[in-house]
Amino acid sequence: MKAAHNLKITGSPDFEEIPEPPSVLIVDDDANIRKTLADILILHGYRPAVAASGTDGLAALKQSQANVAIIDLGLPDMPGIELLYRIRSAHPDTRTIILTGNATLETAIEATNRGAFCYLLKPYDVEQLLANLNRALDEQRAEQRLTKQAADLQVLFDLSGSINRMIKPSQLFPGILKTMLSMEYFSFQKKGLVFLADNDHLHLVSHLGIPEHQLDPCQQVRIGDCLCGKAAATGVPIISDSASGPVREPQQGCHLGRHHVIIPLKASEKVVGVLVLYNKPGSSINAQHKLVAALGSHIGIAVNNARIHAETMSKSLHDPLTGLANREFMQIQLKKYFELGQRCGHKFSVIMADLDRFKRYNDTHGHVKGDRLLVRVAAILLRELRDSDHVFRYGGEEFLVILPRTQLPEACEAAERIRSTVEAEAGVTVSLGVTTFDCSMVEEEQLLTVADSALYRAKKSGRNRVEIGGKVDAA
């Protein structure tokens with residue numbers, strides 16, 4: 001197994017990168033002062049740059065941002081106050097310290113009004129200068145933290161506002177990808193995957209921008225295998241910034257490129273899925289790893305809510321005893337096929353089935369065995385019909401079947417197959433009524449009336465038989 005290069009697990013102790021020393025720009029026309037100050041700053045862990053004029057100072061800042069600029073008021077090409085103003089306008093994050101030997105009350109007030117952090121006199125006291133530098137950096141870091149926190153909160157707010165409106169899984173999973181990839185806050189490539197966790201595997205449920213031929217090995221990934229599985233197993237985001245070499249450990253030939261950002265989706269500390277995104281080459285998300293983890297929690301909660309909603313909907317539309325779809329779901333499906341028949345001329349058929357003398361069976365064998373019989377008959381119906389057919393528990397011992405794109409002869413064959421199999425395997429008999437959609441029908445209830453009339457006729461004719469409904473039954 002090949003090891004992945006430049007992978008960072010954001011929860012590991014070695015994830016935090018060592019920050020660069022703070023940078024300080026010294027703008028003074030006195031070469032001795034520039035050198036002395038630079039040597040002092042290097043000794044105390046700073047990264048100094050020097051400029052002999054205001055123009056050189058602005059050029060240096062344009063090339064490389066400085067945390068703090070130390071400015072002399074008496075520069076050869078422009079007043080130090082003007083340089084201060086131009087730095088504050090073009091580089092508002094840079095703190096400025098005025099260091100001058102020609103101090104007046106007026107210049108001190110003006111410098112403060114123009115945004116100088118502090119105003120120091122030459123000859124300067126080294127300890128005082130270093131103390132002010134540290135205070136300036138502390139203020140800058142605090143402001144940057146607040147700015148980042150505000151930006152992070154805005155990202156979470158925007159994400160929550162988008163995905164919380166999507167409760168259906170069919171909308172949510174593609175919506176997660178589209179929302180994340182549209183955020184200007186990040187520099188993600190326009191591609192990604194969403195996996196759902198199910199026991200010890202991840203199942204691919206949505207993808208964007210990935211060629212189909214690369215997806216086959218990713219349809220199902222064992223938790224713990226490859227990077228996606230490891231993120232799911234540990235619950236910790238994995239970030240890869242490798243520019244070369246393999247970064248994804250082989251998983252049945254899976255290789256989906258580099259620059260992974262693999263985010264576990266968590267709800268109540270449980271991993272419910274994994275989101276895979278890709279940084280653009282040259283960009284990094286390392287400084288945003290806490291936000292990435294927070295995003296995983298927000299999305300994980302939305303995924304869990306969608307899953308609970310889907311399960312609740314499924315339970316509300318299915319019979320708890322047999323597992324078949326219930327009457328409410330039958331009405332939804334019947335309406336759909338009826339409208340297709342009216343609009344497009346699609347033929348479909350309906351079978352209504354009723355167990356013969358079920359009350360007597362219950363009275364003789366008890367309700368527990370009666371329930372078992374219903375479960376057994378439901379299993380027979382599912383087995384004897386096509387995957388495209390729909391089987392419903394209509395009520396009590398009655399069942400209803402919708403057979404899409406099925407003419408009457410084929411529907412009768414299916415009904416006879418059901419009748420004979422139930423008699424042979426369940427030890428009871430069943431009566432069935434069959435009908436087919438007719439374009440003259442104006443509402444779906446007419447189909448049920450015809451099928452029910454045919455079923456009634458089968459009962460009256462001796463039970464354990466199939467009867468066909470016709471126009472006379474619709475009257």
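Residues Leu324 and Ala378 come closest through the heavy atom pair CD1-CB, 3.6 Å. Here the closest non-hydrogen pair linking Gly300 and Val272 is O-CG2, 3.6 Å. Leu204 approaches Cys218 most closely through the heavy-atom pair CB-O, 3.4 Å. When all heavy atoms are compared, the tightest approach of Pro48 to Ala38 is CG-O, 3.7 Å. Taking all atoms of both residues into account, the shortest heavy-atom contact from Tyr119 to Ala108 is CE1-CA, 3.5 Å. The nearest pair of heavy atoms linking Leu193 to Leu177 is N-CD2, 3.7 Å.
Side-chain atoms of Ser182 come within 3.5 Å of backbone atoms of Thr179 as a donor-acceptor pair (strictly under, hydrogens ignored). Of the possible polar contacts, one joining the Asp125 side chain to the Gln128 backbone as a donor-acceptor pair under 3.5 Å is found. When atom types are taken as modelled, the side chain of Gln189 and the backbone of Asn279 share a donor-acceptor pair closer than 3.5 angstrom. A donor-acceptor pair is defined here as one N or O able to donate and one able to accept, closer than 3.5 Å; such a pair exists between the side chain of Thr406 and the backbone of Pro404. Put simply, the side chain of His201 never gets that close to the backbone of Ala197: no donor and acceptor are under 3.5 Å apart.
Within the 4.5 Å cutoff, no side-chain heavy atoms of Ser23 are placed close to those of Ser64. Taking the side chain as every heavy atom from C-beta outward, Leu41 and Leu133 approach each other to under 4.5 Å. Looking at Leu83 and Val27, their side chains come closer than 4.5 Å, going by heavy atoms from C-beta outward. Contact annotation: the side chain of Arg135 approaches that of Asn132 to within less than 4.5 Å [non-hydrogen atoms, C-beta and beyond]. Looking only at side-chain heavy atoms (C-beta outward), Leu277 and Ile262 stay at 4.5 Å or farther from each other. Contact annotation: the side chain of Arg393 never approaches that of Leu400 to less than 4.5 Å [non-hydrogen atoms, C-beta and beyond]. Taking the side chain as every heavy atom from C-beta outward, Phe392 and Leu381 never approach each other to under 4.5 Å. Residues Phe437 and Phe348 meet the side-chain proximity criterion, which asks for heavy atoms closer than 4.5 Å.
Side-chain contact check for Thr94 and Gln65: at least one donor-acceptor pair (N or O, by modelled atom type) lies under 3.5 Å. In the model, Asp56 has a side-chain atom that pairs as donor or acceptor with a side-chain atom of Ser53 under 3.5 Å.
With values rounded to the nearest 0.5 angstrom, Leu129 atom CG is found 7.5 Å from Ile40 atom CD1. Separating the CG atom in Leu202 from the CG atom in Leu196 is a distance of 9.0 Å, to the nearest 0.5 Å. The CG atom of Leu403 lies 10.0 Å from the CD atom of Glu410; values are rounded to the nearest 0.5 Å. Taking CZ of Phe173 as the start and NE2 of His207 as the end, the distance is 13.5 Å to the nearest 0.5 Å. Distance CD1/Ile70 to OH/Tyr124: 8.5 Å, rounded to 0.5 Å. Atoms CZ and CD1, on Phe338 and Ile402 in that order, are 12.0 Å from each other to the nearest 0.5 Å.
Between Tyr337 and His390, the ring planes lie tilted relative to each other; the angle falls in the 30° to 60° range.
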Inset, instruction - Please lay out, stage by stage, how His44 and Leu130 fare under the test side-chain contact (heavy atoms from CB on, under 4.5 Å). - result: CA-CA 9 Å; His44 286 84; Leu130 292 174; 3.4 Å; yes

Inset, instruction - Starting from the C-alpha separation in whole Å, work towards a yes-or-no answer on side chain to side chain donor-acceptor pair (under 3.5 Å) for Gln144 and Asp93. - result: CA-CA 8 Å; Gln144 288 172 343; Asp93 199 40; 2.7 Å; yes

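A cation-pi arrangement is absent between Arg95 and Phe117 under the rule of less than 6.0 angstrom and at most 45 degrees off the ring axis.
Residue Lys335 qualifies as open at atom NZ: its count of foreign heavy atoms under 6.0 Å is 12 or below.
Ion pairing between a basic and an acidic side chain is recognised when a charged N comes within 4.0 Å of a carboxylate O; Lys315 and Glu311 show no such pairing. With respect to Arg114 and Glu110, a salt bridge is recorded, a charged nitrogen being found less than 4.0 Å from a carboxylate O. Residues Glu269 and Lys266 are paired through a salt bridge, judged by an N-O separation under 4.0 Å between the basic side chain and the carboxylate. Under a 4.0 Å N-O distance rule, the pair Asp39/Lys35 qualifies as a salt bridge.
Partner of Asp72 under the side chain to side chain contact (heavy atoms under 4.5 Å, CB included) criterion, out of Asp30, Asp29, Ile33: Asp29 alone.
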